[in-house]
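Accompanying notes for the structure given below.
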Amino acid sequence: MASNTYRAIRARQTPTTITVYQAYSTEIAKPAIKAQTFVPPFSRERMTWIKPSFLWMAYRSGWATKTRQERVLAIEITREGLEWALRHSCLSHYTPGEEKTLEEWQKKLRTSPVRIQWDPERDLSLQSLEYRSIQIGLSGEAVGRYIDEWIVSITDVTAIMRQIDGYIKNGDVNAARDCLPEETLCVLPEELQKHLKMG
């Protein structure tokens with residue numbers, strides 16, 4: 001699977017873990033870093049979106065400058081946890097001809113604890129690329145598993161986000177690129193690739 005495959009998961013990873021990103025206000029981020037998991041005022045009742053793409057997180061948070069997204073966290077989770085999430089997911093958009101019926105898809109969307117979106121990947125200028133990056137929305141049981149079982153470590157990467165933004169504003173694209181985390185293709189079982197309509 002090539003790095004520019006239309007739908008693929010690109011992530012910083014080890015043989016047993018995958019790194020995802022989330023952006024929060026300081027009031028949520030600071031206790032999470034201290035506890036190395038999410039604690040109040042983080043709410044387990046809301047859907048929480050995790051993003052394996054560093055540049056997509058940069059785009060979403062405006063390089064950690066948007067309101068209530070001033071702190072960007074790198075959350076290392078177990079690969080087993082990621083695969084559980086993907087296995088229990090539903091794509092967020094109905095595709096005629098690919099799903100059995102609209103009604104079946106709507107029912108699955110209502111009952112699945114995980115929602116998947118494929119959004120355009122971003123470049124260093126935060127412009128859309130022609131291929132897609134995965135966003136994973138966790139709710140209900142999935143949020144509990146994420147917080148209580150999957151998280152291996154939480155690291156604050158806000159300073160790196162802002163440093164890269166500074167390099168770009170100064171026109172030093174090479175320095176900015178050198179700061180990016182190394183993301184490689186995440187190889188998944190064939191049934192999961194089919195389920196997520198990857199490729």
Side-chain angles (χ1 to χ4, degrees), residues 1-13 18-24 38 42-64 66 68-69 72-77 79 81-123 126-147 150-151 161 181 183-199:
M1 190 182 291
S3 62
N4 61 350
T5 299
Y6 183 65
R7 286 178 175 169
I9 298 176
R10 303 163 190 85
R12 183 179 178 186
Q13 55 189 306
I18 296 282
T19 296
V20 296
Y21 298 94
Q22 294 189 274
Y24 286 108
F38 289 98
F42 177 91
S43 173
R44 290 175 178 246
E45 307 309 313
R46 296 178 58 186
M47 180 169 280
T48 187
W49 288 87
I50 57 177
K51 307 159 183 67
S53 167
F54 183 88
L55 284 174
W56 209 95
M57 186 73 263
Y59 162 73
R60 183 69 181 85
S61 67
W63 296 109
K66 291 184 181 178
R68 304 192 69 77
Q69 297 188 60
V72 176
L73 305 179
I75 303 105
E76 191 178 14
I77 65 171
R79 189 177 292 263
L82 174 74
E83 291 193 10
W84 186 95
L86 299 177
R87 199 166 282 115
H88 292 81
S89 70
C90 178
L91 295 178
S92 61
H93 298 289
Y94 173 68
T95 307
E98 291 188 6
E99 307 291 345
K100 291 180 180 178
T101 68
L102 175 61
E103 291 73 22
E104 286 177 334
W105 169 78
Q106 288 173 331
K107 181 180 179 182
K108 186 176 180 183
L109 189 67
R110 285 194 303 271
T111 57
S112 294
V114 181
R115 189 169 296 184
I116 299 297
Q117 287 185 191
W118 289 102
D119 295 317
E121 179 60 294
R122 302 285 161 165
D123 62 15
L126 304 186
Q127 299 300 305
S128 296
L129 295 171
E130 292 184 356
Y131 51 91
R132 301 270 164 162
S133 224
I134 198 169
Q135 323 302 326
I136 305 166
L138 309 175
S139 64
E141 180 186 359
V143 175
R145 286 175 176 266
Y146 175 55
I147 294 170
W150 302 346
I151 294 176
M161 277 274 176
E183 294 178 351
T184 53
L185 287 175
C186 179
V187 179
L188 296 174
E190 192 171 335
E191 74 273 11
L192 274 183
Q193 294 184 41
K194 186 175 180 182
H195 175 63
L196 298 170
K197 296 182 170 52
M198 294 173 69

- Item | Greater than 12 external heavy atoms within 6.0 Å of Glu191's CD | yes
- Task: Using a cut-off of 6.0 Å, state whether more than 12 heavy atoms not belonging to Arg122 lie near its atom CZ.
- Result: yes
- Item | Atom pair CD1 (Ile9) and CD (Gln193), whose distance is rounded to the nearest 0.5 Å |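 The distance works out to 9.0 Å.
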- Item | Gap separating the CG atom of Asp123 from the CD atom of Glu121, nearest 0.5 angstrom |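 One gets 9.0 Å once the value is rounded to the nearest 0.5 Å.
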What are the two closest non-hydrogen atoms of [X] and [Y], and how far apart are they?
| X | Y | answer |
| --- | --- | --- |
| Ala64 | Met161 | CB-CB, 4.2 Å |
| Tyr6 | Gly199 | CB-O, 3.5 Å |
| Phe38 | Leu73 | CE2-CD1, 4.0 Å |
| Pro52 | Ile134 | CD-O, 3.3 Å |
| Pro120 | Leu129 | CB-O, 3.9 Å |
| Lys108 | Ser89 | CE-O, 3.5 Å |

- Message: Tell me every residue that passes ring pair (Phe, Tyr, Trp, His ring centres under 6.0 Å) with Trp56, counting only those two or more places apart in sequence or in another chain.
- Response: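 Here the qualifying residues are Tyr59.
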- In chain order, what residues pass the ring pair (Phe, Tyr, Trp, His ring centres under 6.0 Å) check against His88, with sequence neighbours excluded?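 If we apply the ring pair (Phe, Tyr, Trp, His ring centres under 6.0 Å) test to His88, skipping adjacent residues, the hits are Trp84.
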- Which side-chain hydrogen bond (donor to acceptor under 3.5 Å, both in side chains) pairs, counting each pair once, include a residue from residues 43-52, with sequence neighbours left out?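 Listed once each, the pairs are Gln22-Thr48, Tyr24-Thr48, Arg44-Asp148.
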[X]: which residues meet the side chain to side chain donor-acceptor pair (under 3.5 Å) condition with it, sequence neighbours left out?
| X | result |
| --- | --- |
| Arg79 | Gln13 |
| Gln135 | none |
| Arg145 | Glu141 |
| Gln117 | Asp119 |

Using side-chain heavy atoms (C-beta onward) and a distance below 4.5 Å, is [X] in contact with [Y]?
| X | Y | answer |
| --- | --- | --- |
| Ile77 | Leu82 | yes |
| Pro181 | Thr19 | no |
| Thr101 | Gln106 | no |
| Ile75 | Tyr21 | no |
| Cys90 | Arg115 | no |

Is a donor on one side and an acceptor on the other found under 3.5 Å between the side chain of [X] and the backbone of [Y]?
| X | Y | value |
| --- | --- | --- |
| Ser92 | Ile116 | yes |
| Trp150 | Val143 | no |
| Arg10 | Ala8 | yes |

- Query: Taking Leu188 as the fixed residue, which of Arg87, Glu83, His195 is the one that meets the side chain to side chain contact (heavy atoms under 4.5 Å, CB included) rule?
  - Reply: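 The option that passes is Glu83.
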- Message: I'd like to check the salt bridge (Lys or Arg N to Asp or Glu O under 4.0 Å) partners of Arg132; sequence neighbours left out, ordered by chain and number.
- Response: none
Residues that [X] engages under side chain to side chain contact (heavy atoms under 4.5 Å, CB included), provided they are two or more places apart:
| X | result |
| --- | --- |
| Lys194 | none |
| Ala23 | Met57, Ser61, Gln69, Val72 |
| Glu190 | none |
| Ser139 | Met47 |

- Verdict with supporting geometry, Ile136 and Leu86, side chain to side chain contact (heavy atoms under 4.5 Å, CB included): CA-CA 8 Å; Ile136 305 166; Leu86 299 177; 4.1 Å; yes
- Message: Could you walk me through whether Ile147 and Phe42 satisfy the side chain to side chain contact (heavy atoms under 4.5 Å, CB included) test, starting with their C-alpha distance in whole Å, then the side-chain angles of each, then the deciding distance to 0.1 Å, before giving a yes or no?
- Response: CA-CA 10 Å; Ile147 294 170; Phe42 177 91; 3.3 Å; yes
